[in-house]
Structures are given as C-alpha cells and as structure tokens.
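Here is the structure we will look at.
Numbers restart at 1 for each chain; the letters A, B, ... are given by sequence-line order, proteins then strands. Below, each value reflects all heavy atoms present in this structure, side chains not excepted, and no hydrogens, waters or symmetry copies. On a predicted model such as this, the values are computed, not experimentally measured, just so you know.
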Amino acid sequence: MDPILDGLNDKQREAVVAADGSVLVLAGAGSGKTRVITNRFAYLIREKNLKMENILAVTFTNKAAGEMKERIARLTGESTSHSWVRTFHATGLMIIRRNPETIGYPHNFVIYDADDSKDVAGSVMQDLHINTTVYKTGPVMHSIFRAKDNMITPAEFENDAATEIDKITASVYREYEKRLRENFALDFNDLLLMPIRIFRENPRLLEYYQNLWRYMMIDEFQDTNIAQYQFMKLVVSRDKHICVVGDDDQSIYGWRGANIENIYKFKRDYEPTVVPLEQNYRSTQLILDAANNVVNKIPGRMEKRLWTARSGGDKIGLIETMRETDESRVIADTIRDLSAKVGYDKIAVFYRTNSQSRVLEEAMLRANIPYRIFGGQKFYERKEIKDVIAYIRLIINPFDRQAFERIVNIPARGVGNVGKQKLISYAKEMGISYVEALTKAGEVSGIQRESVRKLDDLGQVLFELNQSLEQISPTNFVKILIDSVDYKKYIRDFDETGAERWENVEELVNSVKELEVSGEGSTVVDFINSITLHAEIDDLKEENERETVSLMTIHNAKGLEFPVVFISGVNDGLIPHSNSRHSPEQMEEERRLFYVAVTRAKDKLYMSLSGSRIVYGEIIPTKPSVFLLDIPSELFDPIQTHSMYDTRTSSAGKGMGKFTNRPAAAKPGPAEEPAYTYEGKIGSAEKGESVGGMDELKSGDRVRHPMLGAGTVKSVSAKLMQIEFDNWGLRAMGGNFLSSLRKI
DNA sequence: CGACCAGGAAACGGC
DNA sequence: TTCCTGGTCG
C-alpha cells in the first residue's frame with residue numbers, strides 16, 4: 001500500500017515518478033492535476049530524501065497553494081510550515097522581505113494592489129498635466145502593467161514609443177516607477193521583477209536559493225508571463241529539475257499579461273519529458289464531446305483529446321428567451337425544479353461579465369433561491385478598508401504620497417484638491433514628510449484656520465502612532481488609529497450603507513487579530529501586505545453557511561467543478577466578447593474561455609441565451625454566440641428548449657434545427673470614439689527655502705533613518721537638516737522626524 | 001476654496 | 001443603472 005503511487009493511472013504515475021530533469025505535464029481539464037502535483041511533491045521528498053524547503057512549488061492563487069499544502073501534509077505526515085508552496089507573488093515577497101536592502105528598500109515597505117497603482121498613475125498624470133479625458137488612466141495603467149509583465153523598462157518603452165499615446169504612457173510609466181520608489185511601495189509586478197533583479201545583481205543570493213530549491217514545480221504554466229519565465233530560468237539554471245504543469249487550452253489570462261507561448265517555448269528550450277493527462281475524472285463523455293468540439297478549432301494547440309470512463313450522459317439543456325429577465329427567470333425556475341433532487345451547493349451559474357450578475361441575482365431573490373456571488377468586489381477593495389489601510393501606510397511611511405492624498409480629507413477637514421496639492425508641494429519643497437507638512441499647514445497659504453487646526457491634530461496623531469508602531473500589538477494599533485481619527489463616526493454617517501461599512505471595519509480588526517494570533521501578521525506591515533495579497537479574505541468567513549447556488553464569472557470558475565452548471569448569456573458580444581471581435585488571438589482566448597466554462601460541469605450542463613440585452617438602459621437585440629454552432633446539435637436536449645420566439649408555448653422538438661445563427665454583422669454596441677478636446681491643467685509652482693540651525697548633529701555626520709536608511713548630513717539649520725541618503729539622495733528633514741534619526 | 005448637484009459617459013476578465 | 005466630471009453656490 002503506497003499512498004503516493006497507488007490509485008494513479010499510468011500517465012499520472014509517469015508524471016509523479018519523472019523526478020529528475022525537465023518535465024512538462026499537459027494536464028487536461030479534470031485530469032487529476034492537483035493530485036499529480038501533490039503526489040509528485042511527496043514522492044520527491046521520499047525518494048530524493050528532500051526536506052520541505054528543498055522544493056519550490058508555485059501556483060497562481062492562494063486557494064490553490066493552500067489546498068496543495070494541506071494535501072502534502074496529509075501525504076507526508078510532515079508540517080508544511082517551512083515549505084515553499086506559494087503563489088508567485090508570495091514567493092517574490094518572501095525573497096524581497098529577506099533582502100530589502102538589495103533594492104534600497106527599508107524593511108517595512110508596502111505592497112500596492114492594482115487599484116492603488118491606478119491611483120498613482122492618475123496622480124502622476126495630473127502632475128504631468130495630461131488630459132485624462134483624452135488619455136484615460138485605465139488604459140495607460142494597463143499598458144504599464146503589460147510592459148512590466150514583459151520586462152520592458154521605462155527607457156525601452158520610451159524608445160519604442162511611436163504613437164502619441166505610447167509617448168504619453170512612457171512618461172507616465174517613468175514617473176510611476178519613481179513614485180512607487182518614493183513611497184517605498186511595490187506593485188504586484190515588482191514582486192516578481194525585484195527578485196529577478198536581486199538574483200541578477202547578487203549571484204551569491206541566487207546561488208543560495210538554487211541550492212535550497214533543488215526542485216521546482218509550476219502550476220498553471222499557461223498563465224505565466226515573461227517575467228515569471230525569467231524567474232524560473234534563473235532559479236533552475238543549474239540542475240534544471242523543473243516540472244511545469246499546464247494546459248494551453250485553458251489559457252484565459254492573456255489580457256493580464258499571460259503568455260501562452262511560454263508553454264510552447266518551454267517545450268523548445270528545455271526539451272522536457274512530455275506527459276499528457278487526457279483521462280478526465282469529472283465530466284460525462286457528452287460534456288467532453290461538446291468541449292472538444294469547441295476547442296479543437298484552435299490552430300497550433302497541443303493536440304490532446306479528453307476522454308472519460310463515464311460514457312453517454314445527459315444532454316445539454318438549452319434555454320432561449322426573448323429578454324434577459326426571462327433568461328434569468330427560467331434559470332431560477334430550473335434550479336428550483338432541480339433542487340428537489342440536487343442540493344443548491346451542487347449548482348453554479350456562470351456569466352462572462354460581472355454586469356450580468358445583477359439580473360441573475362434579482363431572479364434568485366425572487367425565486368427564493370439561496371445564492372452566493374463569488375468574486376465581485378473584494379474585501380480589501382472596499383472604500384472603508386482602503387481608507388484604514390491608507391492611514392496605516394501613511395503612519396508606516398510618512399512620505400507615502402498616495403496614502404496621504406487619500407486620507408488627508410477623510411473625514412472631511414476642509415481640504416480639497418487645491419489644498420491637497422499645496423500641502424504636497426510644500427512638503428516636497430521643504431523636503432519634509434507629508435505627516436510633518438500637516439503640522440505646518442499654517443504656513444501654507446490659502447488653508448482655512450479651522451482646517452489648519454484639524455490638520456495639525458491629524459499630524460500629531462499620526463506621528464504618535466508612528467512612534468508606537470513597534471510598542472503595541474497590531475490589533476491595538478489599528479483600534480487606536482480608528483478611534484483617534486474618529487473613523488467610526490465618519491463611516492457610519494457616510495451614506496445608507498454606513499452601518500454595513502462599519503461592520504467591515506470591525507471585520508478588518510478581527511482579521512488583524514486572527515493574523516496576529518496565527519503569527520502571519522506579527523507586525524502591522526506584515527498584516528497589510530498579507531491582506532493585499534489575500535484577495536479571498538471574505539471567502540473565509542462564510543465557509544460554513546447554508547447551501548447556496550454559486551454565481552460567478554467564467555474566469556472565477558477556473559479550477560472549480562460543479563455537478564450542475566449553467567452558462568448564461570451565450571450570446572454574441574458577450575462570449576465571444578465584442579471587444580475581442582477584431583483580434584484572432586483574443587477570439588481564440590474567448591473560445592478557450594467558453595471551453596473552460598463547459599468543462600466545469602460534471603453531470604449536467606445548461607446554456608442560456610437571450611434575444612436582447614439591456615445595455616445602459618437600452619434594449620439591444622443580440623444574436624446567439626458563434627460557439628454554439630461548433631457543438632453538434634444532437635448534444636442538445638430539445639425538450640428543455642424555451643423558444644425565444646414564443647415564450648408561452650413549449651418549443652419542444654425544435655431544438656437546434658431551427659437555429660439561425662449568422663456570425664456576421666452583429667453589432668450590439670456602438671464603437672465610435674468620442675470627439676475629444678485637450679485641456680491642459682495649470683499647476684502651481686512655489687519656491688521653498690530650507691535653512692536654519694540644529695543642535696547635536698553636524699555636517700558630515702553619518703545617520704540612519706528608519707525608512708530612508710543610512711545617509712550623510714549635508715547641512716544643518718534651525719529646524720531643517722539636509723541629508724544625503726545613500727539610497728534616496730538628498731532630502732531635507734525637520735521637526736518631529738528628526739527624532740527618529742540615529743547617529744551611526 | 002470646498003461641498004454639492006446635475007448631467008453625461010459608461011462597463012470584459014482579476015492575482 | 002452607477003460613476004465621474006464640471007459647474008455653481010455658500
């Protein structure tokens with residue numbers, strides 16, 4: 001009896017025992033991939049006599065990593081607390097956290113999520129007087145993210161910039177990077193790029209990790225980007241004991257920088273042993289037939305054909321209605337009928353776009369069906385949570401401009417955009433932190449007397465909290481913070497959702513407590529960084545609730561399975577999405593997305609579509625999805641077809657035969673560009689002077705600052721001191737912040 | 001100068 | 001339907 005090798009099929013076992021050298025596991029949907037990875041991990045430990053920490057196993061989601069750890073612990077009977085089973089991001093964070101000085105960062109740097117990054121870009125664009133009605137922050141940020149995914153530096157981007165928008169993006173990119181460094185912040189891409197830099201610049205560190213991680217495994221390899229490929233290359237360069245697991249048919253994150261080519265490139269570069277896993281343990285043969293027909297149209301894919309021992313199977317139910325509301329209603333009715341035999345938790349409804357969820361949600365409510373929406377707004381993306389996190393960030397790093405801009409007028413302190421910009425200019429010219437600038441608001445012209453008092457109070461509070469950072473527990477710290485700025489009153493009165501928002505803040509405090517107890521968030525910085533990387537934080541608390549139907553986007557459904565699946569909105573313009581229409585690559589990705597949706601179903605699949613959809617309040621006629629044509633009509637069950645042409649009488653017998661679907665001129669939404677005008681914004685430029693006298697320290701002294709590191713005193717005056725920091729250049733500092741300077 | 005309101009644009013997917 | 005921007009009032 002061997003728990004590691006028994007019960008695997010031949011191919012799975014082959015993948016598990018192929019220990020040395022390069023291996024590519026082509027894991028079809030539902031082929032027992034997770035089992036292969038975890039068993040392989042356990043096998044390596046046993047057969048190669050390795051310790052947990054000798055294998056680096058990276059995935060894309062915390063959920064997947066958690067699942068793997070749990071199964072590995074069960075298989076090996078060992079604790080996984082020292083394992084390197086992590087997401088790419090968490091792995092990168094760990095490397096940076098251990099060596100922040102190699103990139104000139106203090107130990108308590110912070111992580112910015114995509115939203116924060118977008119705020120930075122917006123603020124940068126304002127500084128550069130870029131008209132944001134012409135050049136939207138979103139697309140600019142998107143380009144910057146893609147550039148970073150592909151390891152294109154601002155300089156390279158600038159060189160290649162041919163169009164006006166690219167030139168503008170190049171300037172924003174350059175400034176964006178600078179701003180992140182000034183804020184001691186890292187964006188998600190940096191969590192990969194910085195370790196690569198660290199490894200390249202510090203060969204001994206790289207060697208250390210190469211020795212430590214003697215084997216590497218990467219899950220969902222089709223979702224990796226160029227930076228991640230580089231990271232892999234560096235880490236495994238010596239022994240090339242690398243096993244990648246992926247499925248090019250499930251590559252659906254191209255828009256996020258994933259490079260489907262990586263999987264083909266790996267095959268060329270590493271000449272791996274290729275192990276295809278084609279036996280599916282999830283779905284009926286009928287569902288697989290439908291899936292295969294959808295995906296086998298894609299040229300250049302790695303040929304594989306899923307099969308299962310579960311021959312036959314229920315046909316696909318097809319729901320066609322005239323209106324979106326009817327579509328949702330029929331779905332709800334069908335679910336209610338099903339619920340006599342199948343638990344609600346066995347049923348999932350998928351949609352392409354989040355905006356489709358509303359109508360579905362209403363139908364569920366009306367039909368009294370318990371449901372739960374996965375994804376949607378994440379816990380840490382909520383305003384109230386971001387506010388508190390921004391406060392914490394500003395306390396940790398009083399130079400964090402993004403955090404400052406966010407909270408300086410929350411709660412209202414009579415400072416608007418103009419006052420904000422003035423304070424920022426003032427701080428910059430005086431070379432002081434934003435927190436210190438608060439205490440000097442009186443010296444900034446045009447700020448109301450009442451505001452000056454409030455800002456000064458805030459500055460004092462933030463300074464004191466900064467001082468107590470190391471002295472009190474994270475939980476108490478956050479409690480005191482919330483209390484000191486009167487956040488409870490502010491958020492309670494925010495609007496009618498105030499009470500709920502306050503509950504979220506309380507929930508935040510609870511999670512600080514939890515992380516504190518578990519040791520994961522032993523410092524406040526650990527805590528906020530961990531929250532930023534943990535998108536699924538709100539999933540945790542609702543786990544053991546009653547049985548509910550699961551509603552989610554198809555992207556969210558990847559990696560999951562349900563006995564009964566509804567794919568809603570199988571319409572042209574939704575899937576494939578209208579934005580993908582003009583790009584063959586994107587159309588292929590849409591096709592794969594549809595494939596992913598189909599392959600989530602174990603026993604029964606439904607597809608639904610509507611003859612019209614409401615877009616911005618207008619009823620727009622829509623055609624069925626072209627993908628429906630690729631599924632043989634005999635796989636559909638005509639009995640369950642609700643005619644879109646007659647909602648009263650059953651259309652039994654018509655089925656797909658009547659399907660008239662011409663994938664030509666469908667044009668659900670207008671695509672014209674609006675006419676734009678350019679308006680530059682006028683910025684204020686004021687001069688600041690910084691001279692005075694200072695007691696203990698004199699020019700030439702070496703000092704250390706908790707955030708800025710070591711530096712040399714350049715000039716000393718009454719209230720200000722100019723210090724040339726080794727990593728951060730010349731800064732003028734004054735007042736309270738000098739007390740955190742240490743002579744060295 | 002900031003708060004508030006009205007009108008216009010707007011939403012693909014997310015670690 | 002919501003979200004953001006620009007204009008006006010206090």
Side-chain angles (χ1 to χ4, degrees), chain A residues 58-65 86-93 111-115 117-118 122 131-133 136-139 142 145 149 187-189 191-192 220 223-225 228 251-258 350-359 362 374-378 380-381 383 409 412-422 444-448 450-451 532-537 552-559 569 573-581 583 586 589-590 592-593 596-597 613-618 668-677 679 681:
Chain A
V58 286
T59 62
F60 274 86
T61 66
N62 292 296
K63 198 175 165 198
R86 288 163 198 273
T87 62
F88 264 110
H89 295 106
T91 306
L93 172 62
I111 299 167
Y112 279 6
D113 66 44
D115 259 16
S117 296
K118 206 179 153 203
N131 183 343
T132 48
T133 18
K136 297 263 163 54
T137 319
H142 189 258
F145 278 153
D149 286 331
D187 68 13
F188 277 178
N189 280 304
L191 294 180
L192 247 297
E220 306 280 13
D223 291 338
T224 54
N225 63 25
Q228 284 151 346
S251 164
I252 57 172
Y253 285 106
W255 53 273
R256 210 173 65 190
F350 301 157
Y351 37 84
R352 173 67 232 270
T353 69
N354 275 312
S355 59
Q356 291 166 255
S357 67
R358 185 183 211 92
V359 185
E362 280 163 8
F374 284 76
Q377 194 176 30
K378 303 290 192 301
Y380 75 87
E381 283 169 0
K383 174 204 152 46
N409 202 35
R413 300 184 179 93
V415 191
N417 207 15
V418 177
K420 221 184 262 184
Q421 295 311 317
K422 280 188 175 173
V444 181
S445 68
I447 290 182
Q448 313 281 319
E450 183 64 2
S451 294
T532 310
L533 287 188
H534 255 92
E536 304 107 28
I537 192 160
M552 67 187 81
T553 63
I554 304 175
H555 283 91
N556 256 315
K558 192 169 163 221
L574 281 176
I575 185 152
H577 196 272
S578 47
N579 292 355
S580 301
R581 187 171 291 133
S583 152
Q586 286 183 48
E589 187 157 307
E590 294 292 308
R592 291 191 293 265
L593 188 58
V596 166
R613 314 211 80 91
I614 299 172
V615 185
Y616 310 141
E618 256 196 287
E672 268 80 55
E673 308 284 335
Y676 292 122
T677 53
E679 292 167 37
K681 282 200 179 111

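Residues A:Y351 and A:T553 meet the side-chain proximity criterion, which asks for heavy atoms closer than 4.5 Å.
If you take OG1 on A:T59 and NE2 on A:H89, they are separated by 11.0 Å, rounding to the nearest 0.5 Å.
Considering only side-chain atoms of A:Q586, the nucleotide from B:dC12, C:dT1, B:dC15 that sits closest is B:dC12. For A:S355, whose side chain is taken as the heavy atoms from C-beta onward, the closest listed nucleotide among B:dC1, B:dC12, B:dA11 is B:dA11.
Here A:K422 reaches the OP1 or OP2 of B:dC1: one of its side-chain N or O atoms lies under 4.0 Å away. Contact check, A:N409 against B:dA3: a side-chain N or O comes under 4.0 Å of OP1 or OP2. Between A:N354 and B:dG13 there is a side-chain polar atom (N or O) within less than 4.0 angstrom of OP1 or OP2. In this model, the phosphate group of B:dG14 is approached by a side-chain N or O of A:T553 to a distance below 4.0 Å at OP1 or OP2. For A:K136 and B:dA10, the shortest distance from a side-chain N or O to OP1 or OP2 is below 4.0 Å.
Taking 3.5 Å as the limit, the base of B:dC15 and the side chain of A:R256 contain no donor-acceptor pair of atoms between them.
Ring stacking is absent between A:Y616 and B:dA9, as the pair misses the limits of under 5.5 Å between centres and under 30 degrees between planes. Under the stacking definition used here (centres under 5.5 Å, planes under 30°), the residue A:Y253 fails to qualify as stacked on the base of B:dG13.
Atom pair A:W255:CH2 and B:dA11:P shows a separation of 16 Å (rounding to whole Å applied). The distance from atom CD1 of A:I614 to atom P of B:dA10 is 20 Å, rounded to the nearest whole Å. As rounded to whole Å, 19 Å separates atom P of B:dA11 from atom CZ of A:R613. Put simply, CG on A:D223 is 17 Å from P on B:dG13, counting in whole angstrom units. As a whole-Å value, the separation of A:D115 CG from B:dG13 P is 14 Å. Note: NE2 (A:H142) to P (B:dC12) measures 11 Å, nearest angstrom. One can place OH of A:Y351 at 15 Å from P of B:dC12, the figure rounded to the nearest angstrom. With rounding to whole Å, A:I554 atom CD1 is found 14 Å from B:dG14 atom C1'.
Heavy atoms of A:N556 sit under 4.0 angstrom from primed sugar atoms or phosphate atoms, though from no base atom. Residue-level contact check: A:T353 touches the backbone only, with heavy atoms under 4.0 Å from sugar-phosphate atoms and none from bases. Backbone-only engagement by A:F60 is indicated by non-hydrogen atom pairs under 4.0 Å involving sugar-phosphate atoms exclusively.
The environment of CD in A:Q448 is sparse: at most 12 heavy-atom neighbours from other residues, nucleotides or ligands sit within 6.0 Å.
Mapping A:G446 and A:E590 onto DNA chain B by nearest heavy atom places A:G446 at the nucleotide closer to the 5' end. Mapping A:S580 and A:A412 onto DNA chain B by nearest heavy atom places A:A412 at the nucleotide closer to the 5' end.
A:H555 and A:Y253 have tilted rings, their planes meeting at an angle from 30° to 60° on a 0 to 90° scale.
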Exercise for the section: Walk me through it: do A:L191 and A:I111 pass the test side chain to side chain contact (heavy atoms under 4.5 Å, CB included)? Expected result: CA-CA 9 Å; A:L191 294 180; A:I111 299 167; 4.3 Å; yes

Problem - side chain to side chain contact (heavy atoms under 4.5 Å, CB included) between A:I575 and A:I554, worked out - result: CA-CA 10 Å; A:I575 185 152; A:I554 304 175; 3.8 Å; yes

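Nucleotides C:dC4 and B:dG13 have their C1' atoms positioned 22 Å apart, rounded to a whole Å.
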